[in-house]
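What you see is a predicted model; the values in this text were computed from it and never measured.
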Amino acid sequence: NGWVGILPAVMDDLAFAFTPPLNLSVVEGWSTDSSREIVPGSSWTACVHDIAVGNYDACLGDFWVTPERMAMVQFLTPFGADFFYLLAPSDAGESLESTLGKPFLPFTRDLWGLV
């Protein structure tokens, strides 16, 4: 089918792990037109919707497990994770002591004494 990578390899392995072998089809566009109309913001969520209403049996891809999607279907255990980091410009005039003290600012010294 011309697809390469870990996900197509998993799909091919799954197809022949069962007797009789599964009949897997790659559908271009991730989801049906009707699901994309219901969930216009995300083709991944539209694909999950297709599973929920019985159009598809599975969607294979790098899906983020969101509360909206979890409310529709059950997910397998993830085999990968995405890490995000927030970078923000620093205030050059701020001292190291001031920067390191910021996590303690929400509470008074007396309250920290109780902790």
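Neither Leu111 nor Leu105 shares a network with the other; the hydrophobic side chains, linked directly or stepwise wherever heavy atoms of I, L, V, M, F, W or Y lie under 4.5 Å apart, form separate groups for each. One hydrophobic cluster holds both Tyr56 and Met70 under the rule that ILVMFWY side chains link at heavy-atom gaps under 4.5 Å. Ile38 and Phe63 fall into different hydrophobic clusters, where Ile, Leu, Val, Met, Phe, Trp and Tyr are joined by side-chain heavy atoms under 4.5 Å apart, directly or via other members. By the criterion of side-chain heavy atoms lying less than 4.5 angstrom apart, applied directly or through intervening Ile, Leu, Val, Met, Phe, Trp or Tyr residues, Val53 is not grouped with Val39; the two fall into different hydrophobic clusters.
Distance CZ/Arg36 to SG/Cys47: 9.5 Å, rounded to 0.5 Å. For the atom pair CH2 of Trp64 and OG of Ser42, the computed distance is 10.0 Å after rounding to the nearest 0.5 Å. Separation of atoms NE2 (His49) and CD (Glu37) is listed at 11.0 Å; rounding is to 0.5 Å.
Closest non-hydrogen pair, Ser31 versus Ser43, comes out as OG-O, 3.7 Å. Across all non-hydrogen atoms, the minimal contact from Ala46 to Ser35 is O-CB, 3.4 Å. Residue Ser34 comes nearest to Asn55 through the heavy atom pair OG-ND2, 4.5 Å, listed as atom of the first residue, atom of the second, then distance.
With respect to Met72, the side-chain contact (heavy atoms from CB on, under 4.5 Å) criterion is satisfied by exactly one of Thr66, Asp50, Ile51, Val48: Val48.
More than 12 non-hydrogen atoms from other residues, nucleotides or ligands lie less than 6.0 angstrom from CZ of Phe75. Under a cut-off of 6.0 angstrom, the local environment of CG in Leu76 is sparse, with at most 12 non-hydrogen atoms contributed by other residues, nucleotides or ligands.
Side-chain contact between Arg69 and Cys59: absent, with no pair of heavy atoms (C-beta onward) separated by less than 4.5 Å.
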